[in-house]
There are 2 protein chains.
Amino acid sequence: MVTSEKPASRPQSLCFNVYAKDCPTRMVLDRLGDKWALLVLDRLQNDVVRFNALKRDIHGISQKVLSQVLKNLERDGLILRTAYPTVPVTVEYSLKPLGTTLIEAVSSLTHWAETHMSEIQAAQHLYDASKA
Amino acid sequence: MVTSEKPASRPQSLCFNVYAKDCPTRMVLDRLGDKWALLVLDRLQNDVVRFNALKRDIHGISQKVLSQVLKNLERDGLILRTAYPTVPVTVEYSLKPLGTTLIEAVSSLTHWAETHMSEIQAAQHLYDASKA
DNA sequence: GATACGTGGTTTCTTTTTGATACCAACGCT
DNA sequence: AGCGTTGGTATCAAAAAGAAACCACGTATC
C-alpha cells in the first residue's frame with residue numbers, strides 16, 4: 001500500500017490512504033476541504049445555477065475565488081459548465097453524476113453544521129470563559 | 001428569476017443558513033472546510049492519539065498548524081485534550097460526544113475521496129488533454 | 001448620444017494564512 | 001557530554017485569499 005506502517009485503523013483492502021502525503025486522495029481532500037467548494041456543491045445540489053447567481057447566493061465569495069473553485073470542480077469532473085452564446089454570454093453550472101455521488105456526504109456536513117450550531121457556540125463560550 | 005429571491009431550495013424552518021455571510025454556521029463550515037481538521041477528526045475516530053503521534057500519522061502537517069487545528073476543535077467542543085503530568089508531558093486527544101456525531105459525515109467524505117479517486121483522476125486527464 | 005448596468009470572467013495589489021525552521025525546558029539513553 | 005523525546009511557541013518567507021479595477025459586448029435609461 002501507499003504508506004509505511006498502518007498508522008490508522010483503516011481497512012487495508014483500499015489502495016489509497018488519505019493520511020499519506022503523496023496519496024492522490026489528498027488532492028481530493030484538499031479540494032473538498034475547502035469551505036467555498038463545499039458551499040458551491042451544496043448550492044448546486046438541486047439547481048442549475050449561473051455564475052453571478054452563485055456569486056450572489058454565496059455571500060462573501062469573491063469573483064476570483066469562485067471562478068477558481070468552479071474551474072477545479074469542473075476539472076475533477078464533478079460539475080458541468082455550459083456556455084450559451086447569448087448576447088452577454090450565459091454560463092450555467094450543474095452537477096455531473098460523479099458530483100451527485102459526492103453531494104450526499106457534503107450535504108450531511110452542511111446539515112450537521114446547521115443542526116449542531118448551538119452546541120458549538122455553547123462549547124465556545126465555556127472554553128473562552130475558562131481561559132479568561 | 002435568476003437572482004435575489006429564494007437563493008436556496010432549503011427548508012425555511014431552520015434558523016441558520018450556511019449561505020449567509022454572518023450566519024454562525026459559516027464559522028463551523030470554515031473549520032470543517034479544512035483538510036487538516038477533517039484528517040484529524042478522521043484519525044481520532046477510533047483511537048485516542050497523542051500530539052506527536054498525530055503529527056507523525058498525518059504526513060505533511062506542520063506542528064504549528066496541528067496545534068492550531070487542535071485548539072480550535074477543542075474550543076468547539078469536538079475533541080478533548082487531556083494532559084498528564086508525566087516527565088515529558090503527555091497529551092492525549094480524543095473525540096467528545098459532539099465530535100462523534102460529526103465523525104460520520106466526515107468519514108463519508110474521506111471514504112468518498114478514497115473510493116472515487118480513480119474517476120477524479122480520469123476526469124482530470126480528460127480535462128487537461130482537452131485544454132492542450 | 002452619453003451613461004449606467006448586466007454578462008463572466010482576468011489582472012493587479014494588498015492582506016491574511018500557511019509552511020519551514022528554530023527554539024524552549026526537563027528528562028532518559030548511551 | 002551530546003542526542004532524542006515530550007508538546008508546544010516564535011519567527012520569517014512563501015503562498016493563497018480578498019478587494020478592487022478592468023475588459024468587451026450589448027441593452028435599457030436619461
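So that the names make sense, note that chain A is the first sequence line, chain B the second, and so on, each numbered from 1. What you see is a predicted model, and the numbers here were worked out from it, not measured in a lab.
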Can you give the donor-acceptor pairs under 3.5 Å from side chains of residues 58-71 of chain A to other protein atoms, not counting sequence neighbours?
unit_1, atom_1, unit_2, atom_2, d
A:His59, ND1, A:Arg56, O, 2.9
A:Ser62, OG, A:Val65, N, 3.3
A:Ser67, OG, A:Gln63, O, 3.4
A:Ser67, OG, A:Lys64, O, 2.8

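- Salt-bridge formation is detected for the pair A:Asp128/B:Arg75: a Lys NZ or Arg NE/NH1/NH2 atom is positioned less than 4.0 Å from an Asp or Glu carboxylate oxygen.
- When all heavy atoms of B:Ser94 and B:Val48 are compared, the pair lying nearest together is CB-CG2, 3.8 Å.
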Check: Just by protein heavy atoms under 4.0 Å, how would nucleotides 13-28 of chain D read 5' to 3' in B, S and -?
Finding: ----BBB-B----S--

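- Listed pair B:Thr86 / D:dT6 fails the phosphate criterion, with no side-chain N or O lying under 4.0 Å from OP1 or OP2.
- OP1 or OP2 of C:dT10 has at least one side-chain nitrogen or oxygen of A:Ser67 nearer than 4.0 Å.
- By the side-chain hydrogen bond (donor to acceptor under 3.5 Å, both in side chains) test, A:Thr90 is found to be paired with A:Thr86, residues two or more places apart in sequence or in another chain being considered.
- A close approach under 4.0 Å does not occur between any side-chain nitrogen or oxygen of B:Lys55 and OP1 or OP2 of D:dT5.
- Remark: P of D:dT5 and CZ of B:Phe51 are 15 Å apart, rounded to the nearest angstrom.
- Evaluation of the ring pair (Phe, Tyr, Trp, His ring centres under 6.0 Å) rule for A:Trp36 yields no partner, not counting sequence neighbours.
- A salt bridge links B:Asp47 with B:Arg43: at least one charged nitrogen is closer than 4.0 Å to a carboxylate oxygen.
- Listed by chain and residue number, nothing satisfies the side-chain hydrogen bond (donor to acceptor under 3.5 Å, both in side chains) test with A:Glu104 (two or more places apart in sequence, or in another chain).
- Nucleic acid contact class of B:Tyr93 (heavy atoms, under 4.0 Å, all strands): sugar-phosphate only.
- The separation between B:Ile58 atom CD1 and D:dG7 atom P is 14 Å, rounded to whole Å.
- Look at CZ on B:Arg56: it is 12 Å from C1' on D:dG4, rounded to the nearest Å.
- Using a 4.0 Å cut-off on heavy atoms, none of the residues of residues 73-82 of chain A approach DNA chain D.
- Residues B:Leu95 and B:Leu102 have side chains not in contact (no heavy-atom distance under 4.5 Å, counting atoms from C-beta outward).
- Between the CG atom of B:Asn52 and the P atom of D:dT9 there is a distance of 13 Å, rounded to whole Å.
- When only modelled atom types and interatomic distance are considered, B:Asp76 and A:Tyr127 share no side-chain donor-acceptor pair under 3.5 Å.
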